[in-house]
2 protein chains.
Amino acid sequence: MKTRLKSTADIGLDQMLCFAVYKAEQAFNRVYRQALEPLGLTYPQFLTMRLLWSAGNLSVGEISERLGLDSGTVTPLLKRLTLMGLVKKARRTDDERRVDIFLTDEGRALEAKSEAVMQCIAQAIAVDGQEGDEMLMTINRLTANLTDAAER
Amino acid sequence: MKTRLKSTADIGLDQMLCFAVYKAEQAFNRVYRQALEPLGLTYPQFLTMRLLWSAGNLSVGEISERLGLDSGTVTPLLKRLTLMGLVKKARRTDDERRVDIFLTDEGRALEAKSEAVMQCIAQAIAVDGQEGDEMLMTINRLTANLTDAAER
DNA sequence: AAAAGATAAATCGCGCACAATACAATTGCA
DNA sequence: TGCAATTGTATTGTGCGCGATTTATCTTTT
């Protein structure tokens, strides 16, 4: 039988890079869901908290930008963190459009528990540092390409 | 100054593999959003249609399983595809618990437009086949590790 | 100094994702 | 045969994510 050129129509989901990333993201979500259960945080909430722990107070816009999220996503997320008593909002006095997000004592205290989470994740990833760094670069390059393409 | 051991607390978001995957998934979503606009499909809807195009009729459960999604996600998604007239549901006669999903003529016809989408995505990914395959394997291994860890 | 434009955050509507639950059909087993 | 456990799908509630719009504040222009 004649071998015909493979058209993109023949590519199954499992050969698609996008689907691999889709599943990887699902997998991270599931692992984090378990690991974060004792902290009472979701995965995006945890990312936000890590940002605040390492960078200190940030405005809503800075948080949006660093997480790559829209204000329509971040605003309600921060509202929930506020309700949990982990952060506080305060309008900036020199520019009243901006709203700064501060960690409360309780929010700062939660960082102690995050070490265990990170260990748990590192173990779940189960690749050594060297290889992990390579993965990181590879995936970042992919992201950069896609972002580039989306912007034209 | 003394160099101290790097604790996981010091790792910024940008050094975290999970965040890289998070952003890659965001990026794919944005590229697909643009590419799929002419088809009137979302990214998960497109994945579902590709599944049906290549595998033929499947039950709700089979679709859930292959996409790695819950019935609480898939059921409303299929309801929307049904409303668009792309698929039809039919209870299986030999086991009335099952619901088979069929492509309509319109649904089958839509495949013609999918080729352009795939080309567009391939171009956005911007890595050659060889390297893409390596990425695929790398990411799949990561996913396997995570899934493994989540299951114990 | 007033009008026009730009920017920051919040709000709304829609769709995805999952846990928990409900319910009906089927299977297994005593 | 009869009834309990299992299986397949749907429903509900909560949270994430984005586009579009709104409101308030700040900046620029004139």
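Chain letters run A, B, ... following the sequence lines, proteins first and then strands; every chain starts at 1.
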| Do the ring planes of B/Y43 and B/Y32 sit parallel (below 30°), tilted (30 to 60°) or perpendicular (above 60°)? | parallel
| said: It should be established whether B/Y22 places a side-chain nitrogen or oxygen under 4.0 Å from OP1 or OP2 of nucleotide D/dG17. | reply: yes
| Distance, rounded to the nearest Å, where B/R98 contributes CZ and C/dA24 contributes P | 19 Å
| task | Report yes if some heavy atom in the side chain of B/N57 is under 4.5 Å from a heavy atom in the side chain of B/L52; otherwise report no. | result | no
| remark: Taken to the nearest whole Å, CG/A/L69 to P/D/dG17 is 5 Å
| field | B/D70 CG to C/dT21 P, straight-line distance once rounded to whole Å | value | 14 Å
| So, does the side chain of A/S71 form a donor-acceptor pair with the base of C/dA8 at under 3.5 Å? | no
| message | Quick check: on DNA chain D, is the nucleotide nearest A/E96 upstream (toward 5') of the one nearest A/P76, or the reverse? Name the residue that is more 5'. | response | A/P76
| message | Please report the interatomic distance CG(A/L13) to CZ(B/R66), rounded to the nearest 0.5 Å. | response | 9.0 Å
| message | Please check: side-chain N/O of A/D100 versus main-chain N/O of A/A90, any donor-acceptor pairing under 3.5 Å? | response | no
| query | Where the side chain of B/V60 is concerned, which of D/dG19, D/dT9, C/dA19 is the nearest nucleotide? | reply | D/dT9
| query | Would you say A/T138 and B/E131 make side-chain contact, with heavy atoms under 4.5 Å? | reply | no
| Test: B/R98 and B/D95 ion pair at under 4.0 Å | yes
| task | Map A/L78 and B/L77 onto DNA chain C by nearest heavy atom, then report which one ends up closer to the 5' terminus. | result | A/L78
| request: Taking only the side-chain heavy atoms of B/D95 (C-beta and beyond), determine which of D/dT9, C/dA25, C/dA10 contains the nearest atom. | output: C/dA25
| query | Is A/R30 near enough to C/dC18 that one of its side-chain N or O atoms lies under 4.0 angstrom from OP1 or OP2? | reply | yes
| query | Looking across every strand, which nucleic acid part, if any, lies under 4.0 Å from A/G61 by heavy atom: base, sugar-phosphate, or nothing? | reply | sugar-phosphate
| remark: Whole-Å distance, A/R33 CZ to C/dA17 C1', equals 8 Å
| said: On DNA chain C, does the nearest nucleotide to B/G68 precede the nearest nucleotide to A/D100 from the 5' side, or the other way round? Give the residue. | reply: A/D100
| What is the distance from CD of B/E62 to P of D/dT9, rounded to the nearest Å? | 8 Å
| said: In this structure, how many angstroms lie between the P atom of D/dG8 and the NZ atom of B/K89, rounded? | reply: 17 Å
| Whole-Å distance separating the CZ atom of A/R91 from the C1' atom of D/dC26 | 12 Å
| message | Please determine whether any donor N or O and acceptor N or O are separated by less than 3.5 Å between the side chain of A/T75 and the base of C/dA9. | response | no
| request: Select base, sugar-phosphate, or nothing to describe what B/T42 touches, counting heavy atoms under 4.0 Å on all strands. | output: sugar-phosphate
| field | Phosphate OP1/OP2 of C/dT11: any A/K79 side-chain N/O under 4.0 Å | value | yes
| Base, sugar-phosphate, or nothing: which does A/S59 touch, judged by heavy atoms less than 4.0 Å apart? | sugar-phosphate
| request: Would you state whether a donor and an acceptor, one from the side chain of A/R97 and one from the base of C/dT7, lie under 3.5 Å apart? | output: yes
| What is the distance, rounded to the nearest whole Å, between atom CG of A/N29 and atom C1' of D/dG17? | 12 Å
